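Atoms within a ligand are numbered from 1 in the order they appear, just like the ligands themselves. Everything numeric here is computed off the predicted structure, so don't read it as measured data.
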Amino acid sequence: MRKDLPEVALQATCNGLIYDWSYQFLTPEAVEEYANKRLPKNFDEARKQLLNGTYLNISENREVSHVLARGRHSVLNDGDHSKFAKIARKLRSGQWLGSTGKPIQHVVNIGVGGSDLGPLMASFALKEFATDIQKHHLETHFVSSMDGGQLYAVLPVVDPETTVFIITSKSFGTIDTFANVDTVKIWAQEGLQKHEKTLQDWMEHHVIGISANTQKMTDYGIPPAHQLTFPESIGGRFSMWSAIGLAIATSCGVQVFQRMLEGARMMDEHFATQKPSENIPLLMALLGIYNREERHINNLAVLPYDGRFRHLPSYLQQLDMESNGKQYTADGQALNQPTGPIIWGGFGPNGQHAFFQHLHQGYDSFTADFVVVLHRDTKRFSDNVTNSLKSQQHLSVANCLAHRRLMAVGQSSDNPANHYPGGHPNSLFALKELTPESFGAIIAAYEHKVFTQGVVWGLNSFDQPGVELGKEIAKDTYKAVLDKKLGENSNVLFDASTDALIQWVHD
Ligand code: F6P
């Protein structure tokens with residue numbers, strides 16, 4: 001047994017959410033000391049500003065207001081007058097009619113990055129909490145990738161007469177999203193032509209726009225009644241609490257969306273008030289910094305043991321890596337030290353049969369966040385099936401506990417094949433039950449972790465200039481791919497590899 005395991009479990013809690021950091025090989029005293037050392041003097045002020053919507057995103061010269069989107073400025077604040085809620089309810093109740101008079105049965109969210117990952121993750125996780133699901137069949141689908149790969153799967157199962165497309169794009173200009181919309185437009189026109197419906201009819205009955213840029217939505221032809229907006233001050237990867245979350249409300253209902261916001265608000269309150277060794281986001285941030293800087297571990301594996309959290313790793317990849325994957329400070333100084341880790345991961349139980357071999361006995365260091373749901377009580381099936389499903393949940397809990405312990409504690413043997421080095425620091429999020437509230441709380445905790453780490457490292461966590469150059473180069477590359485203009489005929493000189501591959505597109 002390792003000597004550095006605590007005698008009492010180290011757990012911070014917030015409304016049914018337990019963050020267990022017993023396997024981080026640090027004591028609460030050491031964490032409090034580390035907090036004093038690493039949190040800058042302005043941290044309290046910065047946290048206050050984040051929570052009241054006045055923290056400055058300096059490079060884009062605007063305040064950061066995603067926290068307000070789940071409180072003071074929530075899209076649901078107007079109660080029955082909330083346009084967001086009205087649209088979602090109309091769709092869910094079957095009262096939204098398509099251009100030929102049929103009730104809408106499918107919603108397709110077209111967006112990418114922050115306009116996809118949060119709504120996709122939450123819709124998938126919280127679907128079973130919908131209270132009005134039986135009344136009208138409405139299915140929500142997600143399309144994000146520029147290759148059209150998802151359209152190949154979605155278009156055959158939806159019908160232009162009974163489908164609404166939500167175009168979600170903060171900028172309302174992302175090429176990936178509009179490449180998908182262009183294809184859908186052609187498909188819809190072809191489908192509606194036989195009913196003598198025009199593109200205009202499609203736009204008026206089958207398209208909703210969500211963006212921070214109202215003008216662009218209007219210019220695109222989206223009727224004002226079907227436009228939802230949110231402020232520029234809400235970053236894409238922090239936007240699922242805002243109008244961008246409409247697909248969550250169409251999948252799970254407005255009430256579930258509201259409960260998710262409530263859970264996030266509980267975490268905001270917790271973040272504002274708890275001392276570091278009992279404050280979940282602060283612990284996550286400080287332990288992460290310690291692992292990065294003192295233990296030189298460059299990655300964090302996100303390992304959910306409940307299928308409803310299946311999309312959490314990719315959501316956190318954007319949240320963390322797009323925010324803190326930087327080597328310069330907010331005021332533009334080069335930073336010569338590690339910052340945000342590489343986030344990766346996958347569904348834990350299946351990972352056990354795929355990549356866990358490397359985690360248990362491979363060469364590399366890693367840290368991990370496990371996520372587990374302790375109870376799942378579904379009333380949908382017979383008693384026998386329900387009991388069997390409960391046992392499956394407990395089987396998953398047991399596997400999660402066993403693997404995380406082995407990764408931390410290890411087990412020695414003289415036979416190298418039976419030797420498990422252990423020593424991999426990890427944390428566990430245990431939810432007593434998955435509810436919209438506990439889900440909202442866990443996501444808000446990750447947001448605040450990313451924010452805290454950004455403040456400690458002196459980064460601006462709210463911009464992403466590093467994604468721009470690739471987009472620019474892709475434009476010229478696209479021209480070359482379309483026109484086969486290479487070498488002296490091209491605007492840009494590539495290299496032997498790229499030239500040869502472009503050549504292959506045409507051969
Ligand atoms: O290219 C990165 C990015 O700007 C992300 O930050 C954003 O979430 C995504 O693209 C989609 O942007 P938009 O919502 O403006 O279409």
Point to revise | Per-ligand residue contacts, ligand 1, heavy-atom threshold under 4.0 Å | key: Val112, Gly113, Gly114, Ser115, Ser169, Lys170, Ser171, Thr174, Gln318, Glu322, Gln464, Val467, Lys471
Revision key, fill the gap. Residue set satisfying side-chain hydrogen bond (donor to acceptor under 3.5 Å, both in side chains) with Trp457, at least two apart, ordered chain then number -> Glu293
Point to revise | Asp80 atom CG, neighbour heavy-atom count above 12 within 6.0 Å | key: no
Review point. Ion pair present between Arg237 and Glu447, side-chain N to carboxylate O less than 4.0 angstrom?
Key: no
Review point. Do the charged groups of Arg265 and Glu437 touch, with an N to O distance under 4.0 Å?
Key: no
Review point. Does a donor on one side chain sit under 3.5 Å from an acceptor on the other, for Asp201 and Thr198?
Key: yes
Review point. Side chains of Asp176 and Thr174: donor-acceptor distance under 3.5 Å anywhere?
Key: no
